[in-house]
Protein chains: 2
Amino acid sequence: MTAALSELVQSAAPRFRTATEFVEATLREAILSGAIAPGTPLRQEELAATFKVSRMPIREALRQLEAQALVDFEPHRGAVVVQITLLDAMDNYAIRAALEPQALRHSIPHLSETDFDLAEELLAEIDQETDPGRMGELNRRFHMTLYAQAGLPRLIALTEQHLATADRHLRFHLAAVGDMGQDEHRELLSACRDRDVERAVATLSRHHNRAREAMSAYFASRDGGKA
Amino acid sequence: MTAALSELVQSAAPRFRTATEFVEATLREAILSGAIAPGTPLRQEELAATFKVSRMPIREALRQLEAQALVDFEPHRGAVVVQITLLDAMDNYAIRAALEPQALRHSIPHLSETDFDLAEELLAEIDQETDPGRMGELNRRFHMTLYAQAGLPRLIALTEQHLATADRHLRFHLAAVGDMGQDEHRELLSACRDRDVERAVATLSRHHNRAREAMSAYFASRDGGKA
DNA sequence: AATTGTTAGATTGGATCCAATCGACAGGCA
DNA sequence: TGCCTGTCGATTGGATCCAATCTAACAATT
């Protein structure tokens with residue numbers, strides 16, 4: 001873990017106002033990207049060393065991550081990167097299936113040609129991309145582009161947070177997810193261009209359901225295979 | 001603020017494992033209940049004195065509240081209790097309108113007679129209650145009773161969090177909200193008893209829309225009256 | 001052999017201390 | 001008069017220090 005984290009620390013050091021912000025953002029990125037595996041205990045002293053700060057900003061950052069459900073805190077036993085269970089995945093899908101259509105409904109009327117062009121471009125990039133991690137990020141940006149004009153900052157932030165968590169789940173359990181659902185992506189974008197809210201929401205729901213069932217099937221086969 | 005907060009501090013002191021937990025829970029309760037008004041700056045030294053701890057647990061708690069969007073943090077200027085604007089209220093309604101039906105859908109199949117009886121009892125208590133703060137809490141417990149069997153802990157926690165925030169908005173802007181929508185509450189409960197998911201969700205939506213429009217109209221009249 | 005009590009080390013929770021930054025106010029200058 | 005600038009008090013950000021608690025290994029007893 002230290003190795004992968006160190007790179008992140010170096011690259012993103014000097015664009016934060018406080019050490020706590022720096023640690024929080026970098027650590028979150030590391031957890032979401034999988035650079036730190038689920039279940040890893042986060043030793044404060046160790047983190048302080050790799051970030052080259054004292055334990056205090058580490059502790060504040062860990063508290064924020066706890067509130068975002070990215071780490072578990074146990075008194076006197078420290079923080080651990082949250083595990084990924086089937087329940088977590090289903091929980092996350094239920095939340096996204098609620099939030100994303102809502103964001104989309106509010107956003108569609110305010111989407112501009114610029115937004116559509118950006119989304120189009122992201123789809124093209126996804127087609128060419130092979131690295132799964134990078135594909136996940138492009139996928140996230142495509143979706144968020146369509147939600148971004150909702151004009152409700154908290155709704156958007158929550159949506160982005162849970163989309164990122166979904167990415168993390170995928171990365172760990174379906175590392176070689178070949179199909180991002182590009183057909184559905186294109187139909188979704190087309191519906192948005194037509195300002196057809198109902199068709200867009202329906203397409204998004206199909207998108208979610210397909211992904212959820214794939215994840216569910218994966219867990220079933222895995223647990224069925226070993227238990 | 002200190003006066004109202006001091007009572008909370010006294011009453012709820014010794015049932016927490018760490019000081020940070022104690023501060024976080026108490027402070028959140030104080031913000032949500034309105035004991036600390038929106039816009040109030042939260043001086044760390046002052047809070048440390050009223051809680052009789054050092055500044056460190058205060059800071060950790062404030063970070064958690066920041067992640068829950070209950071306080072704003074500005075580097076070197078400290079934490080402030082978030083304001084309540086029309087945008088915040090609409091944002092919150094959009095989130096609840098997304099999350100609560102989802103929670104209800106998952107919960108209805110698993111609700112038991114005990115749950116229905118509890119909900120019924122809460123409705124009766126609401127009828128007799130006159131204190132607006134207490135009414136808000138009963139309302140919250142009624143709704144959460146119906147969502148509680150969803151079996152998705154994160155979805156439930158998010159829902160509760162935003163329901164509590166909605167309560168806070170109401171308390172500040174519609175202090176004398178006489179009508180909690182008991183008719184809709186009863187219809188909602190009835191639909192749940194019948195396991196009629198679609199009717200329950202439709203009723204809940206009406207409930208949300210009515211409340212959202214009341215809040216919206218309030219802001220319109222207030223800002224129209226003064227601006 | 002298994003279970004329980006004990007003790008040492010590691011690690012966290014909390015307190016205290018110092019440095020950096022912000023805001024207000026006073027005084028100089030055009 | 002109005003604006004800029006520099007200093008000072010207040011307050012936060014971060015570091016270091018101490019106390020409380022947990023874990024694990026080992027010893028003693030049954």
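Note that the structure is predicted; figures quoted are calculated from it, not measured. First the proteins, then the strands, lettered A, B, ... as listed; each starts at 1.
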Student: How close or far is atom C1' of dG13(C) from atom CZ of Phe22(B), stated in whole angstroms?
Tutor: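 Result: 16 Å.
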Student: Aromatic rings Phe22(A) and Phe51(A): how do their planes relate, parallel, tilted or perpendicular, breaks at 30° and 60°?
Tutor: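 Answer is perpendicular, since the angle exceeds 60°.
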Student: If you find the nucleotide of DNA chain D closest to Arg77(A) and the one closest to Arg43(B), which residue's nucleotide is nearer the 5' end?
Tutor: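 Looking at DNA chain D, the more 5' nearest nucleotide goes with Arg43(B).
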Student: Confirm from the modelled atom types if Arg59(A) and dG14(C) form a donor-acceptor pair under 3.5 Å, side chain to base only.
Tutor: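 Result: at least one qualifying N/O pair found.
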Student: Specify the separation, in whole Å, of atom CG of Leu42(A) and atom P of dG13(C).
Tutor: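 My rounded result for the distance is 12 Å.
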Student: Does Glu160(A) have more than 12 heavy atoms from other residues, nucleotides or ligands lying within 6.0 Å of its CD?
Tutor: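 Counting other residues, nucleotides and ligands, CD of Glu160(A) stays at 12 neighbours or fewer.
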Student: Quick one: sort the His185(B) and Phe142(B) rings into parallel, tilted or perpendicular, breaks at 30° and 60°.
Tutor: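 Ring orientation, 0 to 90° scale: tilted.
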Student: What is the separation between atom CD on Glu24(B) and atom P on dG14(C), rounded to the nearest whole Å?
Tutor: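 Rounded to the whole Å, the gap is 13 Å.
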Student: Please state whether the phosphate of dG14(C), meaning OP1 or OP2, lies under 4.0 angstrom from any side-chain nitrogen or oxygen of Thr20(B).
Tutor: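 For Thr20(B), the contact criterion (side-chain N or O under 4.0 Å from OP1 or OP2 of dG14(C)) is met.
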Student: Please report the distance, rounded to the nearest Å, between NE2 in His76(A) and C1' in dT23(D).
Tutor: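 My rounded result for the distance is 14 Å.
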Student: In plain terms, say whether Arg63(A) and Glu60(A) are close enough for a salt bridge, that is, a side-chain N and a carboxylate O under 4.0 Å apart.
Tutor: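 Result for this pair is no, no salt bridge flagged.
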Student: Start at the 5' end of DNA chain C and walk down; is the nucleotide closest to Thr18(B) or to Pro75(B) reached first?
Tutor: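 Upstream on the strand: Thr18(B).
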Student: To the nearest Å, how far apart are Arg17(B) CZ and dG14(C) P?
Tutor: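 It is 12 Å, rounded to the nearest whole Å.
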Student: To the nearest Å, how far apart are Met56(A) CE and dT12(D) P?
Tutor: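 Rounded to the whole Å, the gap is 13 Å.
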Student: Side chain of Ser54(A) only, heavy atoms from C-beta on: which candidate in dG13(C), dA15(C), dA15(D) is closest?
Tutor: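 Nearest to the side-chain atoms of Ser54(A), counting from C-beta on, is dA15(D).
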Student: Tell me the interatomic distance from Phe16(A), atom CZ, to dG13(D), atom P, rounded to whole angstroms.
Tutor: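 Going from CZ in Phe16(A) over to P in dG13(D) covers 16 Å.
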Student: So, are Glu137(A) and Arg140(A) salt-bridged, with charged N and O less than 4.0 Å apart?
Tutor: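 Salt bridge absent between Glu137(A) and Arg140(A).
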Student: Whole Å only: how far is the CD atom of Gln44(B) from the C1' atom of dA10(D)?
Tutor: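 From Gln44(B) CD to dA10(D) C1': 12 Å.
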Student: Out of dG13(C), dG14(D), dT12(D), which nucleotide sits closest to the side chain of Arg63(A)?
Tutor: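 Looking only at heavy atoms from C-beta outward on Arg63(A), the closest nucleotide is dG13(C).
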Student: Who pairs with Ala69(A) by side-chain contact (heavy atoms from CB on, under 4.5 Å), at least two apart in sequence or on another chain?
Tutor: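 Partners of Ala69(A) by the side-chain contact (heavy atoms from CB on, under 4.5 Å) criterion, ordered by chain and then number, come out as Arg154(B).
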Student: Between Arg55(A) and Glu46(A), is there a side-chain N and carboxylate O pair less than 4.0 Å apart?
Tutor: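 Salt bridge: no.
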Student: What residues in residues 65-74 of chain B put a non-hydrogen atom under 4.0 Å from any atom of DNA chain D?
Tutor: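 Within this stretch, Phe73(B) sit under 4.0 Å of the strand.
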Student: Taking the side chain of Arg55(A) as heavy atoms from C-beta outward, which of dC17(C), dA15(D), dC17(D) is closest to it?
Tutor: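 Ranking dC17(C), dA15(D), dC17(D) by closest atom to the Arg55(A) side chain puts dC17(D) first.
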